[in-house]
Every structure is written in C-alpha cells, then in structure tokens.
Amino acid sequence: MRKATLLSLVVGAVLVFAAASASAQAPAPPPPPYGPAITLDQAKKATAGAEAEARKNNWNVVIVVLDSGGHIVMIHRMDGAQFGSIEVAREKAYSAVAFRRPTKVFEDAVGQGGVNLRVLRLPGASPLEGGLPIVADGKLIGSIGVSGVLATQDAQIGRAGIEAMK
C-alpha cells in the first residue's frame, strides 16, 4: 500500500512537471543591440506622428523622444497636458531605452504580483505602459515615452509616432 501511494505521488509529480514544461512559452528573443542615436529629423517625425494620433483622439499628452544613450532629443507638451506628465513620459522613454523593451513588460510583471513585484525596486524601470524602444535597421536608436491619458492610450500614441518614422 505504501509503495503504491509513493508510486502514485511520483507519477503525479512527473505528469505535473511534464505539463508545465510543455505549456512553457518559448523564451523571448533577445532585445536589439544599441545603434547610432536617433537624429533630430527622425525624432521630429516620431513626435509629429504621435501628436497627430493624440489630436485625432482629442488627448492632451506629453511626448518625449530619447536617443540611444537615454538623452532627451525632443520633448513636446501639448496644450492642456498636465505638467506632471513631463517627468512620467521621460521616465517611460528612459525605461524603454535603458532596458531595450517596452514598459508594458514591466507593467505586466507587476500585475502578476509575487516575486515579479521586485520590478518596483529596479532603478529606471517604469511599470507604466507608454514607453517604447525605437528600432531602425535592427538597432535600438532611441525611445519614445508618452504620458497624459490611460497607459494603453499612451502606448497607442507612441506606436503611431514610431510608425510615422517609416
């Protein structure tokens, strides 16, 4: 009886481990390597595209574009945007360029709780969606950060800015 129980436990543990391994997602691809800094003309295009998306939706936001070294290239505060969004947008952009990934990654991790809450102690990591890396020719050339509306809307505006560069 004891051997049967032990065997059942072992088989159960193996099945659980096998199911967990099978359902595990493939690892994310490595982030793009740093490249040359975004140019002022590219930053202007990204900002204009982001502003157009914000205006289309009647959203007043702050848009920040950083170069591949994390330095401000452009900052644009639309009329009516709260001044608190200036630093939030910069932090989102900084997080995206420093960690070479969208800030949504950190927001999702914090949302899962548990050990992922350690992200809150990671210097420079913004757990708010709306910061996106800007990649050209497979290299990270800068980032865009947007703040002023819902985080998902901030990200929508940032994506429009990146699309406008193409």
Side-chain angles (χ1 to χ4, degrees), residues 25 28-166:
Q25 295 179 351
Y34 290 107
I38 190 170
T39 66
L40 180 58
D41 284 340
Q42 289 171 314
K44 285 179 179 179
K45 287 178 185 174
T47 301
E51 181 182 2
E53 180 69 14
R55 286 198 187 287
K56 178 176 84 172
N57 292 288
N58 202 28
W59 296 330
N60 297 322
V61 298
V62 174
I63 303 157
V64 174
V65 177
L66 302 182
D67 66 17
S68 55
H71 302 286
I72 293 174
V73 177
M74 284 199 75
I75 184 165
H76 181 66
R77 179 177 171 221
M78 295 175 64
D79 291 340
Q82 57 202 17
F83 75 83
S85 289
I86 294 169
E87 189 59 23
V88 175
R90 192 205 60 77
E91 288 176 1
K92 288 178 179 184
Y94 182 84
S95 182
V97 76
F99 295 99
R100 301 181 296 168
R101 55 189 40 89
T103 55
K104 174 104 168 82
V105 170
F106 298 119
E107 182 178 74
D108 290 347
V110 170
Q112 292 171 359
V115 24
N116 292 320
L117 292 177
R118 64 186 171 197
V119 166
L120 296 173
R121 293 290 299 150
L122 192 60
S126 174
L128 303 170
E129 186 177 7
L132 301 160
I134 300 174
V135 178
D137 298 324
K139 306 268 189 189
L140 186 118
I141 62 169
S143 64
I144 188 166
V146 180
S147 178
V149 286
L150 297 176
T152 54
Q153 295 165 335
D154 291 341
Q156 176 183 332
I157 294 165
R159 283 190 298 275
I162 293 170
E163 283 298 313
M165 288 179 51
K166 296 178 181 177

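Just so it is clear, the structure is predicted and the values come from calculations on it, not from any experiment. Position 1 is the first residue of the sequence; numbering continues from there.
Between the side chain of Asn60 and the backbone N or O of Met78 there is no donor-acceptor pair closer than 3.5 Å. Remark: side-chain polar atoms of Lys92 are paired, donor with acceptor, to backbone N or O of Glu129 under 3.5 angstrom. Panel note: side chain Gln42, backbone Thr39; a donor-acceptor pair is recorded below 3.5 Å. Between the side chain of Thr103 and the backbone N or O of Gly131 there is at least one donor-acceptor pair closer than 3.5 Å. A donor-acceptor distance shorter than 3.5 angstrom exists from the side chain of Ser95 to the backbone of Ser126, with no hydrogens or angles considered. Of the possible polar contacts, one joining the Asn57 side chain to the Glu53 backbone as a donor-acceptor pair under 3.5 Å is found.
The shortest side-chain heavy-atom distance between Val110 and Leu117 falls under the 4.5 Å cut-off. Contact annotation: the side chain of Pro33 approaches that of Lys139 to within less than 4.5 Å [non-hydrogen atoms, C-beta and beyond]. At least one side-chain heavy atom of Ile144 sits under 4.5 Å from a side-chain heavy atom of Ile134.
Residues forming a salt bridge (charged side-chain N to carboxylate O under 4.0 Å, His left out) with Arg101 (at least two apart in sequence, or on another chain): none. For Glu91, the side chain to side chain donor-acceptor pair (under 3.5 Å) criterion is met by no residue, not counting sequence neighbours.
The minimum heavy-atom distance between Ser68 and Gly35, with the atom names listed, is OG-O, 3.1 Å. Of all heavy-atom pairs spanning Ile38 and Leu66, the tightest one is CG2-O, 3.8 Å. Minimum heavy-atom separation, Ala54 to Val61: CB-CG2, 3.9 Å. Here the shortest heavy-atom pairing between Ser147 and Val88 reads OG-CG1, 3.4 Å. Between Ala136 and Ile141, the closest heavy-atom pair is CB-CD1, 3.8 Å.
Note on residues 113-125: pairs passing side-chain hydrogen bond (donor to acceptor under 3.5 Å, both in side chains), not counting sequence neighbours, are Gln112-Asn116. Applying the ring pair (Phe, Tyr, Trp, His ring centres under 6.0 Å) test to pairs two or more places apart or on separate chains, none has a residue in residues 54-79. Applying the ring pair (Phe, Tyr, Trp, His ring centres under 6.0 Å) test to pairs two or more places apart or on separate chains, those with a residue in residues 101-142 are Phe99-Phe106.
Annotation: cation-pi geometry not satisfied between Arg77 and Phe83 (NZ/CZ under 6.0 angstrom from ring centroid, within 45° of ring axis).
Of the candidates Val73, Ile72, Val97, Asp67 forms a side chain to side chain contact (heavy atoms under 4.5 Å, CB included) with just one, namely Val73.
In this structure, the separation between CD1 on Ile63 and CE on Met74 is 9.0 Å, given to the nearest 0.5 Å. To the nearest 0.5 Å, atom OG1 of residue Thr47 and atom CD1 of residue Ile157 are 12.0 Å apart. Here the straight-line distance linking atom CG of Leu128 with atom CG of Leu150 works out to 12.0 Å at 0.5 Å rounding.
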Please tabulate, for the side chains in residues 159-166, all donor-acceptor contacts under 3.5 angstrom to protein atoms that are two or more places apart in sequence or on a different chain.
{"unit_1": "Glu163", "atom_1": "OE2", "unit_2": "Lys166", "atom_2": "NZ", "d": "3.1"}

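Comment: Lys104 engages Asp108 in a salt bridge, judged by a side-chain N to carboxylate O separation of less than 4.0 angstrom.
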